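Take a look at the structure set out below.
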Amino acid sequence: MTQLVFLKLGGSLITDKNLPHTANFEVIRFFAEEIKSALKTNPDLHLLLGHGSGSFGHVPASKYHTREGVHSAEEWRGFVEVWSEASALNRIVVEQFKEAGLRVISLPPSASMTSVNGAVNQWNTEPITHALDHDLLPLIFGDVIFDRALGGTIFSTEQLFSHLAHILQPARILIAGIEPGVWMDFPACTQLVREITPSTYPELSEKLFPSLAVDVTGGMAGKIKSMVELVKQLPHLQASIFNPMTPGTLREALQGSPVGTVIHS
């Protein structure tokens, strides 16, 4: 039985978020091999891949406040700079995955989507479904978007996943990041939250932490909030926030094993 899983490779892992324009090639290659192994083990597994911008897109996005809107000539210069940085990281990921023998194809949201006040207006998702139908690995990423009200904005990978989940109906969404899950007591990091549901989220939300590095799309708190809202709307869906760097963890997650913090209805 075919299984569709969305997997985000966090910018905190594939880049050094504290050093601008610095990709972590070793980690990207590690991801490629883990994904390759999972696909070989389970031929029925279909993946939609996404990645964050880390120390590439987030730095100019913070400088120009691109997510809030784009109007002046300076802000449009920043819009292009964010696009360029996000695309540069995407090209690195594509090349590393290609070298590993994965049939990955990049489908940039900026070329196919428009929004209104930060909400999706139009998005031609047919290329994504065609790629999945032919056993390719469609790859999207946090990207700039032309917005009819704001001029321009930025959509995070989680926002893109949330929209696509209603269309493609994945079984799971996996958010791979530097943390092993959601900490109850960050930064002490002694109590890991094993599961979050819409009923437990309100109390937990007061204790959730923002990202320590520059992250214009909401950090950990934003990721959790978007996934909680999504499982409320799609009760069959399960999301996980986890660290995949122990060999085998990502493969287990792709096969359905609970890892990190699980968010469900």
Side-chain angles (χ1 to χ4, degrees), residues 3-13 47-53 58 67 109 113 115 117-120 123 125 140-143 145 153-213 215-244 249-250 252-254 256-265:
Q3 297 180 5
L4 176 60
V5 177
F6 291 3
L7 169 63
K8 180 197 175 181
L9 311 177
S12 59
L13 288 172
L47 289 179
L48 169 67
L49 301 176
H51 67 76
S53 281
H58 283 293
R67 189 174 173 86
M113 176 197 290
S115 61
N117 278 320
V120 176
W123 190 3
T125 59
I140 62 175
F141 54 96
D143 201 1
I145 302 295
T153 188
I154 294 172
F155 270 65
S156 69
T157 309
E158 286 81 9
Q159 285 177 286
L160 300 170
F161 276 4
S162 293
H163 181 80
L164 289 173
H166 289 88
I167 300 169
L168 301 178
Q169 298 289 314
R172 295 184 301 284
I173 295 180
L174 305 177
I175 309 295
I178 200 167
E179 298 293 340
V182 179
W183 294 108
M184 177 72 78
D185 58 343
F186 187 86
C189 301
T190 64
Q191 294 178 272
L192 196 66
V193 180
R194 290 297 178 184
E195 62 177 352
I196 299 174
T197 67
S199 62
T200 63
Y201 172 72
E203 182 179 353
L204 285 171
S205 65
E206 299 178 4
K207 304 173 183 178
L208 299 179
F209 59 91
S211 175
L212 292 180
D215 190 335
V216 298
T217 53
M220 180 65 84
K223 294 173 176 58
I224 297 165
K225 182 179 180 181
S226 65
M227 291 300 107
V228 169
E229 288 298 318
L230 194 56
V231 299
K232 285 170 63 177
Q233 298 162 10
L234 302 172
H236 72 279
L237 181 66
Q238 179 176 289
S240 295
I241 296 173
F242 70 110
N243 182 300
T249 298
L250 179 53
E252 291 174 6
L254 289 170
S257 298
V259 293
T261 299
V262 178
I263 303 172
H264 60 90
S265 62

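Note that this is a predicted model, so its numbers are computed, not measured. Worth knowing before you read on, the calculation uses all heavy atoms, side chains too, and leaves out hydrogens, waters and symmetry mates.
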Worksheet item: Rounded to the nearest 0.5 Å, how far apart are CG of L47 and CD of Q3?
Response: 10.0 Å
Worksheet item: Roughly how far apart are L13 CG and E179 CD, rounded to 0.5 Å?
Response: 9.5 Å
Fill in: Whether R67 side chain and I154 backbone form a donor-acceptor pair below 3.5 Å
yes
Item to complete: May I ask you to test the P180-L192 pair for a side-chain heavy-atom distance under 4.5 Å?
Response: yes
Worksheet item: Checking side-chain contact (heavy atoms from CB on, under 4.5 Å) for the pair Q169/L4: CA distance, chi angles, key distance, verdict?
Response: CA-CA 8 Å; Q169 298 289 314; L4 176 60; over 6 Å; no
Fill in: Parallel, tilted or perpendicular: rings of F161 and F6 (30°, 60°)
tilted
Worksheet item: Is the shortest heavy-atom distance from the side chain of H166 to the side chain of L230 under 4.5 Å?
Response: yes
Discussion item. Can a donor-acceptor pair be found, under 3.5 Å and without considering hydrogens, that links the side chain of S226 to the backbone of E158?
Written reply: no
Discussion item. For a 4.5 angstrom cut-off between non-hydrogen side-chain atoms, does D143 reach M113?
Written reply: no
Worksheet entry | V262 side chain near S240 side chain, heavy-atom distance below 4.5 Å | yes
Worksheet item: Can you name the nearest heavy-atom pair linking P244 to A176, along with the distance?
Response: CG-CB, 3.7 Å
Worksheet entry | Under 3.5 Å donor-acceptor, T157 side chain and G50 backbone | no
Practice prompt. Look up atom CG in L160 and atom OG1 in T125, then write down how far apart they are to the nearest 0.5 Å.
Written response: 12.0 Å
Worksheet item: Does V231 reach the side chain of Q238, with side-chain heavy atoms less than 4.5 Å apart?
Response: no
Response to the item:
Smallest heavy-atom separation, I224 atom then Y201 atom, equals CG2-CE1, 3.7 Å
Practice prompt. Nearest 0.5 Å please: distance from the CG atom of L174 over to the CG atom of L250.
Written response: 7.5 Å
Worksheet item: Is L237 close to I173 at the side-chain level, that is, under 4.5 Å between some pair of heavy atoms?
Response: yes
Worksheet, complete the sentence: Interatomic distance, OG@S115 vs CD@Q159, rounded to 0.5 Å, equals 9.0 Å
Discussion item. Rounded to the nearest 0.5 Å, what separates atom CZ in R172 from atom CD1 in I263?
Written reply: 14.5 Å
Worksheet entry | Residue pair P198 / V228: nearest heavy atoms and the distance that separates them | CA-CG1, 4.0 Å
Worksheet item: When you measure from the side chain of T261 to the backbone N and O of V193, does any donor-acceptor pair fall under 3.5 Å?
Response: yes
Item to complete: Write down the atom of M227, the atom of S162, and the distance for their closest heavy-atom approach.
Response: CE-OG, 4.0 Å
Item to complete: Check P109 against I140 and note the closest heavy-atom contact, atom names and distance.
Response: CG-CB, 4.3 Å
Worksheet item: Can you find a pair of side-chain heavy atoms, one from K223 and one from K8, that are under 4.5 Å apart?
Response: yes
